[in-house]
Asker: 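Before anything else, here's the structure in question.
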Amino acid sequence: MIRLDEVSKSYGDVLAVDRVTLTIEDGRTTALIGPSGSGKSTLLSLIVGLEQPDAGTIEVESHLLTPKSAPHLRRLMGYVIQDGGLFPHLTARRNIELMAREDGWSAERRAARLDELRQLTRLPGAALERYPAELSGGQRQRVSLMRALMLDPDILLMDEPLGALDPLIRADLQDDLAAIFERLRKTVVIVTHDLPEAAFFAERIVLMNHGRLVQTGRFADLVERPAGEFVTRFVRASARRLADPPAAGPM
Ligand code: ADP
Ligand code: MG
């Protein structure tokens, strides 16, 4: 479980996260959603301990997150940053194995875990020996996910993992990710700015705007019991994209 209590974080005069209180339940997928600049990435980097809050407290699995506890707690969390964050000078295999090598895993143990993860994420075996620039966008995301899962963390944090992919690849990966979350039963927080995607992955949706938590609930709650005008506008804007596809041109 992850608990945030009145957490705030500023960069200069920008209040990126503003008094957020939130509990993230174990074994479920939570979707963190909001417009660009609403503080989603900042919230994730606070949870993972890469940034420190100016105020408020964060607990991970009942441990208070502090600069001292952060390195230990960090190992409980797999983190996929916004653009995947693979090291360009390392092959996919080396990227995935990085932390296991640091931890002194034997070659056999690494290979066995890699094989498990490759089957889970359906990455073609040959892709392991390629460098990130030689992989397709979808493969890169699969590799980033494998790297995040290598040490089998209880918590998986993903920051817009599908943001940069074209629609068909994105739909494929959505299906695969949903199946992976279902199978692993980890505590997953997935960031997206797409409401249909949030609803696809998660029963619980956390909507942010201007660093603040605006509403938490199921998709139906946001639609039927919006916590304010912003929620209504956000839901309508998403629905419009579905209802009014661009007119098809002449054949
Ligand atoms: P989101 O992920 O929802 O798009 P972010 O958490 O990235 O939002 O950003 C929230 C706000 O904080 C934005 O106004 C952004 O410009 C600002 N911000 C984020 N990170 C930094 C940083 N390292 N330095 C300065 N400003 C930042
Ligand atoms: Mg972001």
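For ligands, and for the atoms within them, numbers begin at 1 and follow the listed sequence.
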Asker: Would you say Arg94 has more than 12 foreign heavy atoms packed within less than 6.0 Å of its CZ?
Answerer: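 No - once you tally the heavy atoms of other residues, nucleotides and ligands closer than 6.0 Å, there are 12 at most.
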Asker: Arg28: which residues meet the side chain to side chain donor-acceptor pair (under 3.5 Å) condition with it, sequence neighbours left out?
Answerer: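 Listed in chain order: nothing, the list is empty.
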Asker: Just wondering, more than 12 heavy atoms not from Glu61 lying within 6.0 Å of its CD?
Answerer: yes
Asker: Quick one: sort the Phe234 and Phe230 rings into parallel, tilted or perpendicular, breaks at 30° and 60°.
Answerer: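 Rings of Phe234 and Phe230: tilted, as their planes differ by 30° to 60°.
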Asker: Show all protein N/O/S atoms under 2.8 Å from the Mg ion (ligand 2), or state that there are none.
Answerer: Ser41 OG, Gln82 OE1
Asker: For Arg122, is the CZ atom crowded, meaning more than 12 foreign heavy atoms sit under 6.0 Å from it?
Answerer: no
Asker: From Leu184 CG over to Leu149 CG, what is the distance, rounded to the nearest 0.5 angstrom?
Answerer: 6.0 Å
Asker: Counting only heavy atoms and a distance below 4.0 Å, can you name the residues contacting ligand 1?
Answerer: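 The 4.0 Å shell around ligand 1 contains Tyr11, Val14, Ala16, Pro35, Ser36, Gly37, Ser38, Gly39, Lys40, Ser41, Thr42.
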Asker: Rounded to the nearest 0.5 Å, what separates atom OG1 in Thr30 from atom CD in Glu203?
Answerer: 10.0 Å
Asker: Students often mix this up, so state it plainly: with edges at 30° and 60°, are the rings of His63 and His72 parallel, tilted or perpendicular?
Answerer: perpendicular
Asker: For residues 4-16, tabulate all N or O donor-acceptor pairs below 3.5 Å that involve a side-chain atom, not counting sequence neighbours.
Answerer:
{"from": "Ser8", "atom 1": "OG", "to": "Arg19", "atom 2": "N", "distance (Å)": "2.9"}
{"from": "Lys9", "atom 1": "NZ", "to": "Gln52", "atom 2": "O", "distance (Å)": "3.0"}
{"from": "Tyr11", "atom 1": "OH", "to": "Glu51", "atom 2": "OE2", "distance (Å)": "3.2"}

